[in-house]
Amino acid sequence: MFFRLTFSSIRHYAFRFSLAVLGLAISVASLVYFLSFGEGARRLIRRSVEDFNLQLLVLPPAQSLTVQPLLPRSLADSIRSLGVGKVYSILRLPYTAGFPPRAMGVVFGRDFSSSLRFISRYEVVRGRDLRDSTVREAVVGEALAKALGWDVGDTLTVGTGRYIVVGVVKAGSPMVDNAVIVPLNLLMEDMGTDRLLAVAVAPPPGKTEEVLSLLKREFPGYTIQTSEELVKLAKSFVALGDAIRFGLSSIALFVTAVLLFAIMAITVQERRWEFAVLRALGATRWFIFRLILAQALTVSFVGWLFGASLGWGLAEVTSRVMVEKFGLDLVEVSPSILILALLVSLGVGLVGSLFPALSAVRMDVREGLGR
Amino acid sequence: MSRLVAESLRKTYGRKAKTVAVDGFSYTFEPGRSYAIVGPSGSGKTTLLYLLSGIEVPDSGKVLYGDTDLTAMGEDARSRFRARYFSFVFQQFHLIPYLNAYENVSVGLYLKTGKTDHGRAVSLLRSLGIEDPNRKPYEYSGGEQQRIAIARALITEPRVIFADEPTGNLDSKNSEMIFRILTGLASEGRTVIIATHDLALAEMCDVVLRLRDGKLVGS
């Protein structure tokens with residue numbers, strides 16, 4: 001009977017509660033949609049860590065994230081001379097095809113002088129892998145190849161060099177699937193640079209802490225980070241983005257809370273006699289309070305249901321467009337986003353209905369009965 | 001069944017210029033009898049019903065049902081007590097518009113027991129001449145709506161039934177029928193207390209209490 005009273009009254013005031021559901025649905029949809037970008041970025045970070053053999057990373061002085069190659073090439077040899085494990089020189093440059101860009105990717109230099117396989121997980125789906133550091137050959141990620149219509153045998157230009165595509169590779173992560181991989185020494189030559197982006201070090205098993213201390217001691221001016229620190233830093237940037245996007249969604253949520261408050265306040269005012277009758281028949285104040293909250297929470301739940309579906313749908317469309325246009329999937333709707341949206345939606349329902357519910361509880365039964 | 005006892009009830013309204021609604025009302029209502037409270041508008045009939053049923057508390061005086069002092073109880077305790085022992089019938093019927101007749105009747109039982117009983121609600125409605133319990137209140141006539149309200153009051157098997165001007169919105173034929181139903185409930189051992197301004201109908205009750213300016217002036 002409690003649920004009957006709850007649902008029937010919502011149906012009785014269908015128009016106004018539909019407006020509340022609409023407001024909630026829009027707010028929840030924006031929340032789910034905005035936060036799905038952060039979740040996508042987190043997934044990208046996760047996969048990057050899985051795809052790259054990152055254990056220790058030596059970066060330019062006082063910089064933790066960089067897009068410019070600033071490290072002297074000789075640094076890798078200096079580190080290698082310490083006998084701290086496998087050392088890999090990293091050079092990664094942005095790769096943009098056409099203007100406006102038809103696709104965006106990266107160019108990786110493959111360090112043939114290192115026994116470390118820096119890009120640890122990719123499979124060759126057509127052609128073959130790189131074999132020789134002296135030949136201008138390239139392997140390209142499957143997504144980039146598809147976006148630009150490249151295949152084995154085609155020629156591409158990087159800097160002043162022309163490379164023949166010898167293979168198409170696939171890793172399942174956006175970074176590698178949108179990459180062009182060429183020999184490191186030729187890439188540096190063709191780009192006219194003798195600088196590296198970073199140097200990766202893979203210490204022998206169980207020696208990570210020891211090597212970290214040694215590197216910090218030997219190269220005090222450089223930033224030396226573990227993969228965990230890098231991931232943590234990247235995630236903190238994503239979290240900052242999440243907070244900003246959540247803040248934007250909060251505007252819609254606040255407006256919805258005010259709308260719900262107005263609707264609940266008007267409805268409670270109109271139903272004063274009804275609550276008074278229930279009180280006269282023996283309903284406690286707690287019963288009336290629960291009844292109003294149940295109505296608001298039901299509306300919130302339905303709003304969440306529609307909003308989450310809408311937000312999810314928008315995220316899916318965006319994801320497909322991004323994959324198609326740029327080969328990057330930066331959008332993901334995770335269960336945690338949906339649960340957060342549900343809690344926020346129920347919270348809005350609670351906040352919007354609390355005061356009207358309290359006013360109904362404090363109502364004078366005699367006045368409510370119309371005397 | 002217990003007696004309902006009013007002891008020196010006094011109730012005023014307003015902060016500065018106080019209006020006395022009930023003034024020193026004392027009376028003992030016996031089980032198995034029907035009472036009509038009559039008096040002109042503003043004589044305090046409705047306030048008296050609200051005081052006796054625990055909807056409101058008096059400024060002074062007591063309401064006792066058996067050994068229980070309603071005036072000493074908290075608001076929610078009085079609500080629970082009311083759900084258990086009392087029932088109310090209103091002049092405007094006060095049926096919930098989005099519930100059908102059966103559901104309106106079930107609300108009364110639900111508030112008392114937390115459960116509903118479809119068979120009992122339907123048979124009660126049928127005994128009061130409501131054959132189709134699935135229609136919304138506005139689909140019934142005034143007399144039928146009041147009978148549904150009576151069914152809602154009766155389903156909890158109350159010991160005391162309060163009715164505030166139950167025939168105020170009905171024609172004479174329906175008014176007589178409703179009064180006959182209500183006064184007949186006293187023969188089952190219940191106490192029936194009806195506030196009315198219709199003296200002719202009031203005469204159908206076992207006792208008529210006359211109220212003027214909140215005071216009991218005769219019976």
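Only this structure's heavy atoms are used, side chains among them; waters, hydrogens and symmetry mates stay out. None of these values were measured; they are calculated from a predicted model.
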Visitor: Take atom CZ in A:R272; do more than 12 heavy atoms of anything else shown fall under 6.0 Å from it?
Guide: yes
Visitor: Count the heavy atoms of every other residue, nucleotide or ligand shown that sit under 6.0 Å from CZ of B:R3, and state whether that count exceeds 12.
Guide: no
Visitor: Checking an interface table here. Which of residues 94-121 of chain B come within a heavy-atom distance under 4.5 Å of chain A?
Guide: B:H94, B:L95, B:I96, B:P97, B:Y98, B:L99, B:E103, B:S106, B:V107, B:Y110, B:L111, B:T116
Visitor: What's the verdict on side chain to side chain contact (heavy atoms under 4.5 Å, CB included) for B:I55 and A:R279, showing C-alpha distance, side-chain angles and the deciding distance?
Guide: CA-CA 8 Å; B:I55 288 176; A:R279 292 289 309 281; over 6 Å; no
Visitor: Look at atom CH2 of A:W273 and say whether more than 12 heavy atoms of other residues, nucleotides or ligands are closer to it than 6.0 Å.
Guide: yes
Visitor: With only heavy atoms counted, which part of A:F287 is less than 4.5 Å from chain B, the side chain, the backbone, both or neither?
Guide: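 Only the side chain of A:F287 comes within 4.5 Å of chain B.
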Visitor: Do B:E75 and A:R362 pass the salt bridge (Lys or Arg N to Asp or Glu O under 4.0 Å) test, and can you show the C-alpha distance, the side-chain angles, and the key distance before you say yes or no?
Guide: CA-CA 11 Å; B:E75 202 169 336; A:R362 291 186 190 130; over 6 Å; no
Visitor: Between B:S79, B:G54, B:A153, B:A83, who has the most heavy-atom pairs with chain A when the cutoff is under 4.5 Å?
Guide: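 Of B:S79, B:G54, B:A153, B:A83, B:S79 has the most heavy-atom pairs under 4.5 Å with chain A.
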Visitor: Looking at A:F306, I'd like to know if its CZ atom is crowded, meaning that more than 12 non-hydrogen atoms belonging to other residues, nucleotides or ligands lie closer than 6.0 Å.
Guide: no
Visitor: At a heavy-atom separation under 4.5 Å, does B:F81 approach chain A through its side chain, its backbone, both, or neither?
Guide: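 For B:F81, there is no contact with chain A at all, as no heavy atom is under 4.5 Å.
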Visitor: Assess whether atom CZ of A:F2 is packed by more than 12 heavy atoms of other residues, nucleotides or ligands within 6.0 Å.
Guide: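 For A:F2, atom CZ is crowded (more than 12 foreign heavy atoms under 6.0 Å).
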Visitor: So which of A:R271, A:E274, A:R285, A:H12 has the largest heavy-atom pair count under 4.5 angstrom toward chain B?
Guide: A:R285
Visitor: Taking the side chain as everything from C-beta on, heavy atoms only, tell me whether B:Y50 gets closer than 4.5 Å to A:L369.
Guide: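 In contact.
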Visitor: Would you say B:D213 has more than 12 foreign heavy atoms packed within less than 6.0 Å of its CG?
Guide: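 No, CG of B:D213 has 12 or fewer neighbouring heavy atoms, counting only those of other groups under 6.0 Å.
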Visitor: Do B:E56 and A:D364 pass the side chain to side chain contact (heavy atoms under 4.5 Å, CB included) test, and can you show the C-alpha distance, the side-chain angles, and the key distance before you say yes or no?
Guide: CA-CA 9 Å; B:E56 291 203 284; A:D364 186 332; 4.3 Å; yes
Visitor: Between B:R152, B:R80, B:R84, B:R78, who has the most heavy-atom pairs with chain A when the cutoff is under 4.5 Å?
Guide: B:R152
Visitor: Do the side chains of B:R82 and A:L281 get nearer than 4.5 Å, heavy atoms only?
Guide: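 No, every pair of side-chain atoms sits at 4.5 Å or beyond.
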Visitor: Report which part of B:T156 has an atom under 4.5 Å of a heavy atom belonging to chain A: side chain, backbone, both, or neither.
Guide: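 Nothing of B:T156, per the 4.5 Å heavy-atom cut-off to chain A.
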Visitor: May I ask you to check whether A:R366 and B:T46 show a side-chain donor-acceptor distance below 3.5 Å?
Guide: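 On atom types as modelled, these side chains do not qualify, holding no pair under 3.5 Å.
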